[in-house]
Each structure stands twice: as C-alpha cells, then as structure tokens.
Amino acid sequence: MLLGAAGQIRENHRRLSELDSFGGDGDHGTTMLRAMENLEKSVASSRGGQMKQLLSETAWAVMGTDGGATGPLFGSFFMGMSNGAGQEERMDCVALASMFEAALECVRKRTKAEAGDKTIMDAMIPAVEQARLAADDGFGICGILERAAEAARRGADSTKDLQPRLGRAKNAAEQSLGHEDPGAVSVSLIFKGFLKGALEDGG
Amino acid sequence: MLLGAAGQIRENHRRLSELDSFGGDGDHGTTMLRAMENLEKSVASSRGGQMKQLLSETAWAVMGTDGGATGPLFGSFFMGMSNGAGQEERMDCVALASMFEAALECVRKRTKAEAGDKTIMDAMIPAVEQARLAADDGFGICGILERAAEAARRGADSTKDLQPRLGRAKNAAEQSLGHEDPGAVSVSLIFKGFLKGALEDGG
Amino acid sequence: MAMKKFLNDPDNLVDELLSGFALAHADKVKLTESNLVVRAKAKARDKVALVTLGGSGHEPALSGYVGEGMLDISVPGEIFAAPGPPKLIEALRMAERPAGVLLIVLNHDGDVMSANMAMEMAQQEGLNVKQILTHEDISTGPRDKPEQRRGLVGCLAVIKVAGAAAEQGASLDECLEIADRMERNMATLAVAVTSATHPCTGEAISEIPQADMIIGMGQHGESGSAQSKLKTADETAEIMLDMLVEDLSIKKGDDVLLMINGVGSTTLMEQYVVLNSCKKILDSRKINMVRCAAGEFLTVQEMGGFQMFMARMDDELIKLWDAACKCPCMAI
Amino acid sequence: MAMKKFLNDPDNLVDELLSGFALAHADKVKLTESNLVVRAKAKARDKVALVTLGGSGHEPALSGYVGEGMLDISVPGEIFAAPGPPKLIEALRMAERPAGVLLIVLNHDGDVMSANMAMEMAQQEGLNVKQILTHEDISTGPRDKPEQRRGLVGCLAVIKVAGAAAEQGASLDECLEIADRMERNMATLAVAVTSATHPCTGEAISEIPQADMIIGMGQHGESGSAQSKLKTADETAEIMLDMLVEDLSIKKGDDVLLMINGVGSTTLMEQYVVLNSCKKILDSRKINMVRCAAGEFLTVQEMGGFQMFMARMDDELIKLWDAACKCPCMAI
Ligand SMILES: Nc1ncnc2c1ncn2[C@@H]1O[C@H](COP(=O)(O)OP(=O)(O)O)[C@@H](O)[C@H]1O
Ligand SMILES: Nc1ncnc2c1ncn2[C@@H]1O[C@H](COP(=O)(O)OP(=O)(O)O)[C@@H](O)[C@H]1O
Ligand SMILES: [Mg+2]
Ligand SMILES: [Mg+2]
Ligand SMILES: [Mg+2]
Ligand SMILES: [Mg+2]
C-alpha cells in the first residue's frame, strides 16, 4: 500500500513541481519524491511486523525529508495513521477508516487550513470522510480506498477554481487560478497509490 | 581649436562606445565625452593667456578624467603639445607641427604601441607625420590640419583590418576584426575637430 | 534561458554546498554528521544558546551567522525548504543546557510546522527552549496580523542582538525579550527585478516582465503585489521607505537601523547607491539613520532586487548591534 | 534584455556609490573631498602605507579592503576605468611617510599608465614609494611574459599579506619582498557564463552563447579563449585546476591557498560547491589545500561565473594570510 503511493508520486513528480510553480516555488514534486524515497527506504529496512510501527517509522522518515511544509504535513499524515492503527498485524476495514481519521486529526494539529483554502485539505478531508462512509456501508479495503481515492481526486480537481489562502502560494493567489493545488494533487495520488497497492496485494 | 575637438567627440561618442564593445568594455565614448567635458571646463576657466599654459591645464584636466587608458594617453597628447609649444600667445605653422611631434613623443612614453597594433597610434603617427610634411611644404595652419586630419582618418580606417595587440581588446582580437579601433577614431575626430575649430576661428 | 549554474548532481547539492562552506570557514564552524552547522569552538554552557533553521539556497543565510556573538547551531534544510522536525529536535538536544536555548524561526509554513513539532517534542523531553518567530514582511499582511507576515532578512537583526546578549551572559528570558523587542520594531520590504532559477528543477521561480519591478516579492520568488515600471534608485527608495516608515510609525527624531540586503544579482554598487538615496530621504525627514548596512545577507539564488529593512532602535539595541561578532559571513 | 539596475544619473554613479559605501562602513573608512577612500583611524606613521587604485563597478573591490591589516588608501576610478594620475599622485602625497609607501597596481593598461605617471611624479618629488604590479591571469599570457597577464582577484592576496606585514612593522623593502613573493607564486583563471551590463551605457559588456561557458573571461568582459558547453562543477574545477597547477608547477605535497571569487550572479552556494570539488580533486593529487576562501571579493557587475585563484604558500605567507584584519568587506 505504502509503496503504491510512492510509485504514484514518482510517476507524477514533474507535474507536481510544475503546479507548484504557479505562485509557489516550484519544488513540491521534488520534495514529494524525496519524501517517498525516504518512505521506501524505511519500508525496505523495516523487519515486517506491526503496521503501527511501520507507519510510525515511515512518518518519521517522511518528516526527515527537509521539505518545507511537506515533511511535517505528510509526515503527520502517516504519524496519525500510526496513532489510529491498532496493535494487529493486518488491518480491517473499520480500522482503516479510523486510521485515516486519526491521520486527518494529526494533520490538523499542524495547520489551520480548511476545505476551500486550496491546500492538501481540499483532497484530504473528503477522502477521509468517504473512507468512513464506505466503511460504515460495509465496503472492503479496496472499496474503501476506491471511494477515498475518487473523493481525493475530485477534491484536488476542485482546487483549480480556488485561490490559495495559506502556504507560499497565497501571495500570488491569481497566478494559481486555473491550476490545481500541488499538495492536494499529491494527496489524491497517495490515495490512488494506496488503492493500487492494495489491489496488487490482493486486497 | 580645442573646443572643436570636444564638439566632434560629443557628436560621435555613441559610435565610439559601440566600437569599444567589440572585444573591449564598451566605455570609450563615455570616457572620451567626460575627458572632453573636462577639457571644455578647463578652457572655460582659463583666463586667456598663453597657449602653452592652456594646453598644460587641459592635459591635466583630461588626465583627471579617471578614464582608464584614455586619461593618460590623451592627457599625454595634450601635455606633449604644451611641452612643444613656445611661449607665444598664438602659434605659427612650424610650431604647430613641432607641437604635434612633441605630443606623439609624450604619448610614446606611456605606451609601447606601434602602428599596426590597432590602437590610437595607427591614427596619431600618420597624422603627426603629415602635419610635419605639410608644414615643411609651407602649408598654413588649416592646410596642416587638413592633411593631418585626413591622415588620421585614413589611419583609423586602416585599423578595421587589424587585430589589436594592446589594450583590453587584445584578448578578443577576432571580435574586433572589421571594426575600427575606437581610440584611433577618437584621434581622427580630434584632428577633424582641430581643423573645424581652426576654420571657424578663421584660421 | 537555460540554467547556468555550476553544480553536480542536484540530489547532492546541499551536502556539497555545506561541505564547501565548512571548508571555507573551518576556523569558525564545523559540520556534524547529520549536517548541522555548529561553532568550531563551542560557547560556554552557562550562556544561552541560539538555534535557527531554514532552507538552503539563501547563502550566506543562515549558517553564515553561526559563530561568536551570533548563532550556536544552524539547521539547514533542502533548497528553499525547511528541515524536518527530526533534525531540528536533534539540534535542540545538542544545544540543551541549563542556561536554556532560544530558537529563532522565520515565518514560513514549513519552518513553523517543523519548529512547532520540535518544540512540542522538546517540551515533552523537558528541554529548556523558547521560541521567537520573525515576521516582518509588510507586503503580506498588516501589522496586527503578524501571522500573515513572512520572515525576511530581519532574522539577521534578531540573531545579532539576541546573540550579543547571550554572549554577554543574559538569561533566556532576557534574550527572548531583546529578540522580541527587535522583532516588534522591525519591518522589511522586498523588490525584485529579475527572477532566480531553482537549482534543482532548473525552472525560473517567478516571472517578472522585462521592464518591471515587483515590490513585495518573497524570499522564494512568491510574487508580491505592487508591480510597476523599473524606477530609479531614488524613486524606489522613496516608495519603499514610505511604506516602512508608515508601518513602523516612525516619527521625526526617531533612531533607525537601515539595511539593504542584496538578494542575488543586484550589485553591491547598486546597494550602496540605494543606501545613499535612503540617507538623503531620511535626512530630509529628520529621521536619524543611526546605523546602516548593505550587502548580501540573505539571498535568493541569482534573483535581481533587494530587501529594505528598517528598525526603530533604542540605545540597548544599538549597543548589541555594535557588539563584536566573528562568524563566517559577518564579523564586527 | 534591458538593464535592470537601481541607479540614478549615471554621471553621479561613482559619487553616490562611494558615499553609500562610506555610510555603510563609517566605523572603518571615510571619504576625502576628492573621493579617496582612507581609514577612519589612520595607521601609525612609522608603518608602511599601502595604496591601490582601480576602476569602480567591481565592488567590494578595492575600497572594501581599506582598513586595519590591509590598505591605507584606495583610489577609485570611474566605472571599469582607472583613476587618472592627478588623483593617484594626491593619494601618494597623502600616504607619504618616512616608512614609505607601497603602491599595488593591477595590470591593466589604464591602471599601469596612471601608476607609471604618478610614480614618475612621486620620484621627482622625492616621495618614498615602491610599486608592485599584479599580473596573474594565466589565460592572457605565459608565465614568462608577465606583462601580458591581467591582474584579477590575486591583488587581494597581495594586499592581505603585504598589509599584514606592514601592520606588523615590516620595512618597505620587506613589504615589497612579501608582496612580490605572493605575486610570483599565484595564478588566476576566470570562467564566465553570463554577461554583465555596463551600468553607464546599459550595454552588455560581452556576449556568451546560451549554453556556453568561456574560460579566460576578463574582469571587464573582455573575452577569453576557451569556449565550451557549460560543464558541471566537478568538470569545471578539474579543467581550471589543471591549468593553474601546471602554470604554477605545483607538485605533490605542496601547500596551496585556493580562492573562489564569485564575480556577480554566480551564487555563494555554487562557489561552495566548486570549492568542495576543488578540495576533492586536490586531495586526490596529494596537494594540500592549506587555506581556502569563497565569496564575492572582486565582482564584474552581475556577470555569471567566477575566478579561481591558486597560490603556493610558505609558512610566512600563511601566517600573514591568517593575520587579523578589519576592513569593510573583509574581517579576520
Ligand atoms: N499551511 C498549510 N496548510 C496546509 N497545506 C499547506 C500549507 N502550506 C502549504 N501547504 C501545502 O503544501 C503544498 C506546497 O508544498 P511544497 O511546495 O512542498 O512546500 P513549500 O511551500 O514549503 O515549498 C501546497 O500546495 C499546499 O497544498
Ligand atoms: N596600451 C595602449 N597603447 C595605446 N593605445 C591604447 C592602449 N590601451 C588602450 N589603448 C587605446 O585606448 C582605447 C580604449 O580606450 P578606453 O575604452 O577608453 O579605455 P579602457 O580600455 O581602459 O576601457 C583603445 O581603442 C586603444 O586605441
Ligand atoms: Mg513549494
Ligand atoms: Mg574601453
Ligand atoms: Mg519549497
Ligand atoms: Mg574601460
């Protein structure tokens, strides 16, 4: 699952940097790429075991990316998933939704951004909401991830028409009109990657 | 006569800087303009009197231009003219040629440049030679200046086909091929200005 | 235009630049294994330590100010990107001492997030750390909304006066008070005329029309608000001074420190010319420019333009500003 | 592209820049009426005085090196143009003292002509002045034709060691010997990637094709000889080191000082990267980089590129290089 996310970012990092260049400083793709490389390393060096532990190591690795806002925000996302994870080796559907909720909560500690501010939140909030609804509706892991990924994609899409109110790009609000927020696109790529990863794992 | 030279430089300083930009640093026109402004000031503040004294003041003013090679070279030219001038108020034809010879000699103290090195010397040497010949041939002041100016112009022209062996431009020798040496053009403008000045003064 | 920089593999850029930096200033600083910049000769442990963090690519900031009279540790991040919390907490642990640690943070989202997370961890671990946030870019928010204001070159003044106080044995609370006083009395405004390229992506980080200048351009090329035709030094100085004086409510007879910070390819020559313009204008308004400086203190790659910094000074701040310091890129 | 500089009337440029310079460094230097830059606190008259001259537009050179441990007087000319003999002789008269005066001249036609004329006058007046010419640009002539070699950033090393010797009370002959030893053991090579604009004419002072770099570019944009595609920092360092090492006949085990001088818009970041490349290469050849430096010491407006300086050092030269100095733009 985690590696699926890394794969998606790797394929799209150029576009992410380009999106960051409309008002931002054009480095979001590079930074996400480095974050995902750190994630891959931490996955590779983890000796199987607990999901909770793996996620916490991953979070620390992502935070260590030295990537401006990206490290703390995405690191917090994984840290929250770890916080929300139980002690089990494999997660179930309800646990997954809770993990995402805990992730969102952890990110909220780092930023006051709300939906509509043209940030990662525009993708993350609906994705987590839809994951919860899907779990409540009795969907399986892949089903949950499918609905979450679709919600994240639509959320990222919706940022095209928004003007940023936070982050570096806020000072060049008009320049980013018509372009998606790079951070939101990253979130949607991560959920898409989770889904792909889960499908390959066989769910 | 001196003011005539200043006038010629003023009219052509842009072209001089442009010529200096082919391999040089593009400032010869500006520098000559400042030198001639200093010359004008020194002429204006001189209380009539001796030509010798006026020329020496002018030389010092031109040297004070802070214009790289231009100050010492053209300053020396005027200083030499002063050295060569007698104590009389007005000069005669023979004195004029001697003054130019003394000027050339004084410039030679400052540079090892010879004809063919693509410098001021390519205009100055023939101009001074022709001035002497014209004086020996019995020409009047205007006649002398006419032949000197014509020789200087041809000398400056001839630098087009040369590659500089001295001065800043020597390191970009090819770049200046096809263009006249700015310093040589300045010399020819000065002689042309002398002539114009002399004609207006009524000789 | 294609990027014309002397670089090797962009992935190693920060490592290489830090290692070159440490070579050039081996008498004053050294690098730890995890690329923290520390003093070659540590400060006595009964004095407050100063730590800061910030993205790379802004040389000589901030590591150039590690040394006697200024910082104890600088935590450099990637190009234009703050270091993550892990590195920062490592630095805070290393700096930890009875006298306490002052963490100086420039107000940019990434820096603040990293700092906040590290501060939370530090508190959990019982470290004696206090934090000061610098936010003095008057183009991004009004004075009563400091959280909207970016941190620009003003951090240097805060580091200088707090560093001098620490060196003189001031307590953590005293250092914080000094830093805070400087911070509340300072304002910066930037103007940009040409863009920089991001050394890793090779892309221009902003677009500035041929004949224009942009007042309010940020430290990473984030655009500012007021765009106009390029003006003379005198005119530009007047516009910028007006805005700074108004923001700080500077009055006739006030003492100010003025700093011109070249951000990259604007020459020192121009900086001196602008400084001279400022002096004329301030004189005419009877505002005392008691101290001033010009130079490249915090750059944005090869961007053209400068940051104009102004601060209202009192006698103690002036004394601390004048105090000796020996850092790689600042020595008084 | 149109020039994008913060200037007022170009005719006043040098006046304004010097006056801003003097403001910024009022604790260390002052301006005389005729724009000579002198120390704020004059050196004792029983010590040798150091004087230099040079065009403006190369800030912080050369006036930035007036101060304790380096120069006594700098005679700035117009933009890129040496001052004329009248100003220089004025400076020599002012510097005149029993201990004597050392005049440091960079080998450029204008500077040399002015210096020679002033030296002739000084001799006529019986002033005790000796002259040292710096000519270390290996791209413009072979070592046995020093008169063809331009003076680049190497003047800084000469000023530093001779200035330190003078401050320590060395005689004029001793200072000259030190300066000469430094001069004979140093070499510089420049590389350029983007052009500068002449601040008065607004014209580019050289043309460098989009993707190219030019090794051997002079201090005023005069073209060099070797043009190639832009290379990495490692590759560029290797090419340039090779040429410098060969010119100086540096052998395994030799001690060298290496200096990277950014000429304008090449970032300090890149300079550190290049310095790091140099260190790796020199290490691999067992040449000891005993001292090094990186920074903008002598610029060419906003030109992109740098000068690489190398000198063979002996213990005395190292000691003098390390000696304390307090100048506006260099402090050790
Ligand atoms: N305060 C914030 N809250 C939420 N998201 C933010 C905030 N600041 C930035 N972001 C997100 O980070 C993205 C930019 O990330 P990146 O370019 O990697 O960092 P930086 O802005 O430091 O260069 C933005 O597109 C936005 O989605
Ligand atoms: N050593 C020299 N001998 C004779 N003439 C010289 C010498 N150096 C330069 N010149 C003349 O000076 C001109 C350049 O003058 P200018 O541009 O004002 O000075 P700089 O080269 O210092 O910028 C050249 O075109 C050449 O004619
Ligand atoms: Mg970014
Ligand atoms: Mg010239
Ligand atoms: Mg960034
Ligand atoms: Mg010149």
Side-chain angles (χ1 to χ4, degrees), chain C residues 1-2 4-8 13 16-21 23-24 26-27 56-57 59-60 64 79 191 193-194 199 210-211 213 230-234 236-237 260 264-277 279 289 292-296 299 301-302 304 306 322 326 329 331-332, chain D residues 1-2 4-8 13 16-21 23-24 26-27 56-57 59-60 64 79 191 193-194 199 210-211 213 230-234 236-237 260 264-277 279 289 292-296 299 301-302 304 306 322 326 329 331-332:
Chain C
M1 178 159 124
K4 298 192 86 169
K5 298 194 182 188
F6 295 98
L7 300 170
N8 297 308
L13 173 52
E16 293 178 28
L17 99 84
L18 287 174
S19 131
F21 167 75
L23 279 170
D27 53 330
S56 295
E59 290 66 32
I79 299 297
V191 57
V193 290
T194 57
Q210 273 280 332
M213 66 182 207
L230 183 64
K231 296 190 153 50
T232 65
D234 281 344
T236 309
I260 306 296
S265 57
T266 287
T267 58
L268 191 51
M269 174 192 83
E270 291 160 82
Q271 295 166 44
Y272 288 136
V273 168
V274 171
L275 181 58
N276 189 54
S277 302
K279 169 75 170 149
M289 191 175 84
C292 64
E296 293 187 350
T299 64
Q301 297 290 310
E302 80 281 23
F306 62 88
D322 286 344
K326 270 187 196 288
C329 305
I332 291 178
Chain D
M1 178 159 125
K4 298 191 84 168
K5 297 194 181 188
F6 294 98
L7 301 170
N8 298 307
L13 173 52
E16 292 178 28
L17 99 84
L18 287 174
S19 129
F21 167 77
L23 279 171
D27 53 331
S56 296
E59 291 64 32
I79 298 298
V191 58
V193 289
T194 57
Q210 270 281 331
M213 64 183 209
L230 182 64
K231 295 189 157 46
T232 65
D234 281 345
T236 310
I260 306 296
S265 58
T266 287
T267 57
L268 191 51
M269 176 191 82
E270 291 160 82
Q271 296 167 42
Y272 288 136
V273 168
V274 172
L275 181 59
N276 188 54
S277 302
K279 168 74 170 150
M289 191 177 86
C292 63
E296 293 187 350
T299 64
Q301 296 290 310
E302 79 283 24
F306 62 88
D322 286 344
K326 271 186 195 287
C329 304
I332 291 180

Visitor: In chain order, what residues pass the salt bridge (Lys or Arg N to Asp or Glu O under 4.0 Å) check against D:D322, with sequence neighbours excluded?
Guide: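 Salt bridge (Lys or Arg N to Asp or Glu O under 4.0 Å) list for D:D322, sorted by chain: D:R291.
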Visitor: Strictly distance-based, threshold 3.5 Å: is any side-chain N or O of D:S265 a donor or acceptor partner for the main-chain N or O of C:E302?
Guide: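 Looks like no, no N/O pair under 3.5 Å.
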Visitor: Please name all residues satisfying side chain to side chain contact (heavy atoms under 4.5 Å, CB included) with C:E296, sequence neighbours left out, ordered by chain then number.
Guide: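 With neighbours one apart ignored, the set is C:Q271, C:T299, D:E296.
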Visitor: Let's test your reading of the structure: which of C:I260, C:T236, C:D27 forms the most heavy-atom pairs below 4.5 Å with chain D?
Guide: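 Heavy-atom pair counts peak at C:T236.
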Visitor: Look at C:I332, C:N8, C:D234, C:V191 and state which one has the largest set of heavy-atom pairs under 4.5 Å with chain D.
Guide: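 Heavy-atom pair counts peak at C:N8.
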Visitor: If you tally heavy-atom pairs under 4.5 Å against chain C, which of D:L18, D:T232, D:T266, D:V274 wins?
Guide: D:T232
Visitor: State, without any angle test, whether D:Q210 and C:K4 hold a side-chain donor-acceptor pair at a distance under 3.5 Å.
Guide: no
Visitor: Determine whether a donor-acceptor pair (N or O, by modelled atom type, separation under 3.5 Å) exists between the side chain of C:T194 and the backbone of C:G304.
Guide: yes
Visitor: Against chain D, label C:L230 side chain, backbone, both or neither, depending on which of its atoms sit under 4.5 Å from a heavy atom there.
Guide: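 When you check distances to chain D, only side chain atoms of C:L230 fall under 4.5 Å.
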Visitor: What part of D:K326 lies closer than 4.5 angstrom to a heavy atom of chain C: side chain, backbone, both or neither?
Guide: side chain
Visitor: Counting only heavy atoms closer than 4.5 Å, note whether C:S19 contacts chain D via side chain, backbone, both or neither.
Guide: both
Visitor: Between C:S277 and chain D, which part of the residue has a heavy atom less than 4.5 Å away: side chain, backbone, both or neither?
Guide: side chain
Visitor: Judged by atom type as modelled, is there a donor-acceptor pair below 3.5 Å linking the side chain of C:E16 to the main-chain atoms of D:V273?
Guide: no
Visitor: For the interface with chain C, which of D:L7, D:L268, D:T267, D:L275 has the highest count of heavy-atom pairs at distances below 4.5 Å?
Guide: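 When all of D:L7, D:L268, D:T267, D:L275 are compared, D:L7 has the most.
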